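Note sheet for the following structure.
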Amino acid sequence: MLTSLALIFIVGLAMGAICQRLKLPRIIGMLATGIVLGPYVLDFLDPSILSISADLRKIALIIILIKAGLSLDLKDLKKSGRSAVLLSFVPASFEIIGYILCAPVILGINRTEAAVMGAVLGAVSPAVVVPRMVNLIEKKYGTDKAIPQMILAGASCDDIFVIVLFTTFLSMAQGGSAHVMDFVNIPISIVLGVLLGVDVGYGLYLFFETSYARKHCVRNSMKVIIVLGFSFLLIAIEGWLEGKVSVSGLLAVVAMACVLKLKCPESVSGRLSQKFGKLWLAAEVILFVLVGAAVDIRYTLAAGLPALLMIFVALAFRTVGVLICVAHTSLTWKERLFCVIAYLPKATVQAAIGSVPLAAGLACGNIVLSVAVLAIVVTAPLGAIGIDGTYKHLLSEDK
């Protein structure tokens, strides 16, 4: 395991640095590292690392979501409240509709299988989008119109919506049926997740302030460990309540961090944000190298041109959805174009659930996995390059 961790960090960082020198996003190098070191090419990574890969990826995602919450100004988010809400489900819905309409023609599968494929492919990647939006907030690009805050909030809810639809469509494909409660669970999951996160965040704020008032100063490094511990607990609660009531653990983490940002003094929330930013340097490498390791390149090669065509047709549907979300706003056409680009990348959700239909024994399992893998390989770099390469031209800097 130690050898595998050494390879992940050293080779991943080296490849990231090479890509950075070539004016490419670092994640391309990290994804490539994972693909090459992973079980489907050189097989250099220990099975013990791969067996906990999903958990390690979730920990990395938690770290960047805490950082996002500590960078998110709720006052700014109010400027684009309607668009942020629409971005959480409209683009994904349009993309899923694109698969349902076009996949039977292009890939020769039935409508139900196309719906399963659309649900696998419909989610935007928070791992690619969230750190970039946090970076834009810190650099103050587009913040005067709350564009990165809007995209960050929408992308955080998008996954919940898509995963609930995925479980519903998977049940239908296996011969089950869709229930009204499956769809009712989406807003319930979001609301309960936010309420739980707000309660925990407020409790942590009171604890930190009470300790300080009683001369028991909690060091910032210790606060980081405490916040991380409660974040893991929030994710665990989602698992404990599964099957009883829907709660979004990831949204609870963001909400908790937002409350800490809102209530704690600027000196405290600012220091916490900096420390989580430093943690992200290591977490980013683990996340993207392990996402790459989950990619079976053989399926990518087998997918062929029809799969590539299907991905781009679905992205065209997604683009229409994003443009509807930002219609009737004060955004310029350049800013709207940036929103479209920011909603392109796929990675984390596709790596997590792309193989589920195959494991469930569905006839479409192989083609769904092939398209999911191809989507990661194509859209993660495309979205990252698009965001990194265009934000200075498409967004205005807030002086």
Side-chain angles (χ1 to χ4, degrees), residues 4-38 41-42 44-45 49 53 56-68 70-71 124-142 148 151-152 155 273-295 297 300 338 341-352 373-395:
S4 297
L5 283 173
L7 288 171
I8 287 169
F9 282 118
I10 295 168
V11 181
L13 283 171
M15 289 294 289
I18 290 168
C19 285
Q20 206 167 21
R21 290 295 298 270
L22 296 172
K23 306 294 183 188
L24 296 171
R26 289 158 49 84
I27 70 155
I28 295 177
M30 294 172 193
L31 283 170
T33 300
I35 291 170
V36 173
L37 295 180
V41 182
L42 296 180
F44 281 175
L45 298 181
I49 281 281
S53 171
L56 290 174
R57 295 201 306 263
K58 188 166 280 188
I59 289 170
L61 200 55
I62 287 168
I63 289 170
I64 193 56
L65 287 173
I66 296 171
K67 169 72 174 163
L70 291 168
S71 304
V124 71
S125 171
V128 178
V129 174
V130 171
R132 281 167 172 75
M133 294 307 111
V134 171
N135 183 43
L136 295 188
I137 291 169
E138 290 173 348
K139 289 182 177 179
K140 297 194 178 299
Y141 273 92
I151 294 169
L152 195 157
S273 181
Q274 285 176 11
K275 286 187 177 289
F276 276 104
K278 290 172 183 174
L279 274 179
W280 172 244
L281 293 174
E284 180 185 35
V285 183
I286 290 174
L287 176 59
F288 288 111
V289 171
L290 290 179
V291 166
V295 167
I297 202 71
T300 311
F338 178 80
I341 294 168
Y343 254 64
L344 292 179
K346 320 275 181 194
T348 19
V349 175
Q350 289 71 31
V373 169
L374 189 61
I376 294 171
V377 173
V378 172
T379 65
L382 186 67
I385 292 168
I387 294 168
D388 294 347
T390 63
Y391 74 88
K392 290 184 179 178
H393 307 290
L394 300 179
L395 302 179

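Computed from a prediction, not measured in an experiment: that's the story for all the values here.
- Looking at Val378, Ile27, Val128 one by one, the single match for side-chain contact (heavy atoms from CB on, under 4.5 Å) with Pro345 turns out to be Val128.
- Checked options Thr390, Ile341, Ile28; the residue passing with Ile385 is Ile28 (criterion: side-chain contact (heavy atoms from CB on, under 4.5 Å)).
- Considering only heavy atoms from C-beta on, Leu287 comes within 4.5 Å of Trp280 through its side chain.
- With rounding to the nearest 0.5 angstrom, the CD1 atom of Ile10 is 12.0 Å from the OG1 atom of Thr33.
- Between atom CG of residue Leu136 and atom CD1 of residue Ile151 there is a gap of 8.0 Å, rounded to the nearest 0.5 Å.
- Here the closest heavy-atom approach between residue Leu45 and residue Gly38 is recorded as CD1-CA, 4.3 Å.
- The shortest non-hydrogen separation linking Met133 to Ala342 is CE-CB, 4.3 Å.
- In this structure, CG on Leu5 lies 8.0 Å from CG on Leu56, to the nearest 0.5 angstrom.
- Taking NZ of Lys278 as the start and NZ of Lys67 as the end, the distance is 10.5 Å to the nearest 0.5 Å.
- The side-chain heavy atoms of Leu13 and Arg26, taken from C-beta on, include a pair separated by under 4.5 Å.
- When all heavy atoms of Thr379 and Leu344 are compared, the closest pair comes out as CB-O, 3.6 Å.
- Counting heavy atoms from C-beta on, the side chains of Val289 and Leu7 never come closer than 4.5 Å.
- Atom CZ in Phe338 sits 5.5 Å away from atom CD1 in Ile387 (nearest 0.5 Å).
- Taking all atoms of both residues into account, the shortest heavy-atom contact from Ser125 to Lys346 is CB-C, 3.7 Å.
- When every heavy atom of Ser71 is checked against every heavy atom of Val134, the shortest pair comes out as OG-CG1, 3.6 Å.
- Tyr141 OH to Arg132 CZ: the interatomic distance, rounded to the nearest 0.5 Å, is 16.0 Å.
- Side-chain contact check for Ile8 versus Leu290: some heavy-atom pair is nearer than 4.5 Å.
- Counting heavy atoms from C-beta outward, Ile137 and Leu152 have side chains that approach closer than 4.5 Å.
- The shortest side-chain heavy-atom distance between Met15 and Cys19 does not fall under the 4.5 Å cut-off.
- When side chains are defined from C-beta on, Phe276 does not count as touching Ile64, because their heavy atoms never get closer than 4.5 Å.
- Counting only distance, with no hydrogens or angles, the side chain of Tyr343 and the backbone of Ala155 share a donor-acceptor pair below 3.5 Å.
- Shortest non-hydrogen contact noted between Pro148 and Gly142 is CD-O, 3.5 Å.
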